[in-house]
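Structure record follows, encoded as structure tokens.
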Amino acid sequence: MPVPPLSTRPPAASPAGTARPPEPAARWTARVRPARGVPRARVIALAHSGAGPNALLPLLRRLHPDAEVLGVTLPGRERRFAESCAGLADDIDGLLARIRAELAAEPPLPTGYFGHSMGAALAAALALADPGGCRKLVLSGHPTLESRAGRAEDWTEDDLLDVIRLGGGTPAEILADPVIKEHLLTVLRCDLTLGRRLAERNAGRPLPVPPTVLGGLDDELVPPAELDAWAERVPLRRRLYPGGHFYLLDEANLDAVAAEITAGLPLPAPDYR
């Protein structure tokens, strides 16, 4: 895994003796990759537990050049590192409403939602909240309520560290720093709790479009057999790739996964010149 799956870098400090300027109201969404020229479609990217959209950039850069990409950043990571994630799972209606309000302010475009792991549960919830605005839904490594990644809230530190180990890709030096480690585990617990409650909220509700369900053949966190649970609920397109939970960031899979994310959106045959 060339890219760490967790976002842990704090913001730069202000120079000594100077006051940090007032922060603008935190935005939940931001354009993480513009389209080449006039955008013809939009992809909303939602990352896994403990991470923001920048963790997915190696993949998002491979998406069709005529699609713009908006990422959703939750509190406690990347540009929102200093914000607390406490209570994030306690107001899901408010969380969805704030994200939807920002998306509604964008110029209308055919839109696909792509989420990985916890982000898949959030992608499904957003699609359910605005069914008319969802043209494509791609759910990657989405834990079921019965899976190891679907548990939350009462986990010990060892349980959380085991999730990180099974997911793979987090450098040992990050976990060796006690301050960063504490922050990482706090955000991970928040996100796993959010993912669990989103999955409970989504369970049994008809999705607005048949989803594309993706996974890693060697994923220890969400084994391929657990992805089959989706087939019992809805018609879907299912694709598996070599690799573990972060198969989607392996160089060998980038182009194929990127093509699945935008397949079916009204985009011309790609010309990368």
Side-chain angles (χ1 to χ4, degrees), residues 1-6 43 45-51 55-56 58-60 62-63 112-125 127-128 136-152 155 159-170 188 191-192 194-207 209-264:
M1 269 286 300
V3 178
L6 296 156
V43 172
L46 301 115
H48 44 280
S49 294
L56 300 176
L59 172 63
L60 301 179
R62 301 288 185 100
L63 297 185
Y113 288 87
F114 164 66
H116 177 61
S117 200
M118 181 276 292
L122 184 50
L128 286 165
K136 179 76 183 282
L137 180 60
V138 181
L139 307 175
S140 168
H142 189 342
T144 66
L145 290 174
E146 293 73 30
S147 73
R148 184 165 194 159
R151 299 184 231 152
W155 280 10
D159 291 329
L160 295 174
L161 290 172
D162 198 38
V163 169
I164 294 173
R165 179 186 63 79
L166 291 175
T170 301
L188 186 59
D191 285 1
L192 289 170
L194 174 63
R196 171 78 185 193
R197 294 186 186 174
L198 285 167
E200 291 171 341
R201 177 192 178 98
N202 298 342
R205 299 177 64 188
L207 295 170
V209 295
T212 297
V213 175
L214 309 179
L217 285 166
D218 303 313
D219 190 342
E220 296 185 76
L221 208 53
V222 185
E226 294 186 3
L227 298 176
D228 292 336
W230 283 98
E232 300 171 3
R233 293 170 43 196
V234 292
L236 54 82
R237 176 180 173 85
R238 180 178 179 271
R239 291 290 182 270
L240 296 176
Y241 300 87
H245 192 59
F246 291 98
Y247 73 91
L248 70 169
L249 295 177
D250 290 344
E251 177 65 30
N253 298 329
L254 290 176
D255 288 334
V257 175
E260 288 288 351
I261 292 172
T262 54

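Ring orientation note: the planes of His116 and His245 are tilted relative to one another, at an angle of 30° to 60°.
Using a 4.5 Å heavy-atom threshold, the side chains of Met118 and Leu194 count as touching. When side chains are defined from C-beta on, Tyr247 does not count as touching Pro242, because their heavy atoms never get closer than 4.5 Å. A heavy-atom distance below 4.5 Å is not found between the side chains of Tyr241 and Leu248. Leu236 has its side chain out of reach of Thr212: every pair of non-hydrogen atoms, C-beta onward, lies at least 4.5 Å apart. When side chains are defined from C-beta on, Phe114 does not count as touching Thr262, because their heavy atoms never get closer than 4.5 Å.
With no hydrogens or angles considered, no side-chain donor-acceptor pair links His142 and Ser117 at under 3.5 Å.
Taking all atoms of both residues into account, the shortest heavy-atom contact from Ala124 to Leu207 is CB-CD2, 4.2 Å. Listed here is the closest heavy atom pair of Asn202 and Ala121: ND2-O, 3.0 Å. The two residues Leu139 and Ala123 have their closest heavy-atom pair at CD2-CB, 4.4 Å. Closest of all the heavy-atom pairs between Ala125 and Leu198 is CB-CD2, 3.7 Å. Leu227 approaches Leu214 most closely through the heavy-atom pair CD1-O, 3.8 Å. Residues Leu188 and Ser49 come closest through the heavy atom pair CD1-CB, 3.6 Å.
Note that CG of Leu59 and OG of Ser140 are 8.5 Å apart. Values are rounded to the nearest 0.5 Å. Distance check: Leu192 CG to Arg197 CZ gives 12.0 Å after rounding to the nearest 0.5 Å. How far CG of Leu221 is from NE2 of His48: 11.0 Å, rounded to the nearest 0.5 Å.
Asp250 places no side-chain N or O within donor-acceptor distance of the main-chain N or O of Asn253, the cut-off being under 3.5 Å. Using modelled atom types, no side-chain atom of Lys136 and backbone atom of Gly264 make a donor-acceptor pair closer than 3.5 Å.
Asp255 meets the salt bridge (charged side-chain N to carboxylate O under 4.0 Å, His left out) test with Arg62; sequence neighbours excluded. Arg238 is linked by a side chain to side chain donor-acceptor pair (under 3.5 Å) to Asp228, counting only residues two or more places apart in sequence or in another chain.
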